[in-house]
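Here the structure is a predicted model, which means the values were calculated and not measured.
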Amino acid sequence: MTPGALPLPVSFALAVRGYDREQVDEHLAELHDEIRLLTLDRDAAIAEAETLLRRLETARGEADDLRARLNRLALSPADPDAVGERVRLVLECARAEADAIIASARHRAAAVRERAAEAERRTAARLRAIDDFLARAEDVLAEERPQPPLRQAGLTAA
């Protein structure tokens with residue numbers, strides 16, 4: 001302890017030769033008692049700090065283990081053999097349902113592709129019919145064009 005850390009009496013009563021010995025002994029006994037209590041408090045605080053440090057290290061280790069386990073579970077797909085029976089059944093049901101959804105989606109996609117191909121064939125046939133109709137119409141129009149009258153211009157055909 002550093003001097004001045006504990007309150008000391010300003011002075012001791014003077015006796016015939018120096019201070020009153022009983023008063024000094026009493027004060028020293030009080031100081032020793034206080035030092036003993038402070039030492040016990042310090043030792044208890046150190047013990048508690050060590051206990052808390054051990055618990056902190058244990059908690060950190062558990063947190064690291066849990067973090068590693070979480071990373072392993074998140075990165076690897078669920079293996080039905082590595083889990084319990086109930087979870088395995090749930091996974092099997094989920095996989096079967098996923099397979100059914102995929103098969104249904106493939107079937108619907110094939111039907112959509114088939115309808116699109118049929119619509120493309122019909123559209124191509126209609127376009128051919130329209131092209132044929134337009135070609136005939138152009139032929140008819142070409143045949144029906146009136147010849148310019150030669151008499152009106154005063155010209156006769158030779």
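- Put simply, CG on N71 and CG on L66 are 11.0 Å apart, with the number rounded to the nearest 0.5 Å.
- D25 pairs by the salt bridge (Lys or Arg N to Asp or Glu O under 4.0 Å) definition with nothing, not counting sequence neighbours.
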Between side-chain atoms of residues 115-122 and protein atoms elsewhere (two or more places apart, or another chain), which donor-acceptor pairs fall under 3.5 Å?
| from | atom 1 | to | atom 2 | distance (Å) |
| --- | --- | --- | --- | --- |
| E118 | OE1 | R121 | NE | 3.3 |
| E118 | OE1 | R121 | NH2 | 2.7 |
| R121 | NH2 | E114 | OE2 | 3.4 |

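- Using a 4.0 Å cut-off between charged side-chain N and carboxylate O, R136 and D139 make no salt bridge.
- Other residues, nucleotides and ligands place more than 12 heavy atoms under 6.0 Å from the CD atom of E30.
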All N/O donor-acceptor pairs, side-chain side in residues 51-65, below 3.5 Å, sequence neighbours left out:
| from | atom 1 | to | atom 2 | distance (Å) |
| --- | --- | --- | --- | --- |
| T51 | OG1 | A47 | O | 2.9 |
| T51 | OG1 | R54 | NH2 | 3.3 |
| E57 | OE2 | R60 | NH1 | 3.4 |
| T58 | OG1 | R54 | O | 2.9 |
| D64 | OD1 | R67 | NH1 | 3.0 |

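- With sequence neighbours excluded, no residue forms a side-chain hydrogen bond (donor to acceptor under 3.5 Å, both in side chains) with D43.
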Would you mind writing out the side-chain donor-acceptor pairs for residues 97-110 within the sub-3.5 Å range, not counting sequence neighbours?
none

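- Atom NE2 of H27 sits about 13.5 Å away from atom CG of D20, to the nearest 0.5 Å.
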| task | Begin from the C-alpha positions of D131 and R128 and carry the test salt bridge (Lys or Arg N to Asp or Glu O under 4.0 Å) through to its verdict. | result | CA-CA 5 Å; D131 285 343; R128 281 191 301 277; over 6 Å; no

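- Between H32 and R36, the closest side-chain pair of non-hydrogen atoms falls below 4.5 Å.
- L37 belongs to no hydrophobic cluster with other residues, because no ILVMFWY side-chain heavy atom falls under 4.5 Å from its own, directly or through intermediates.
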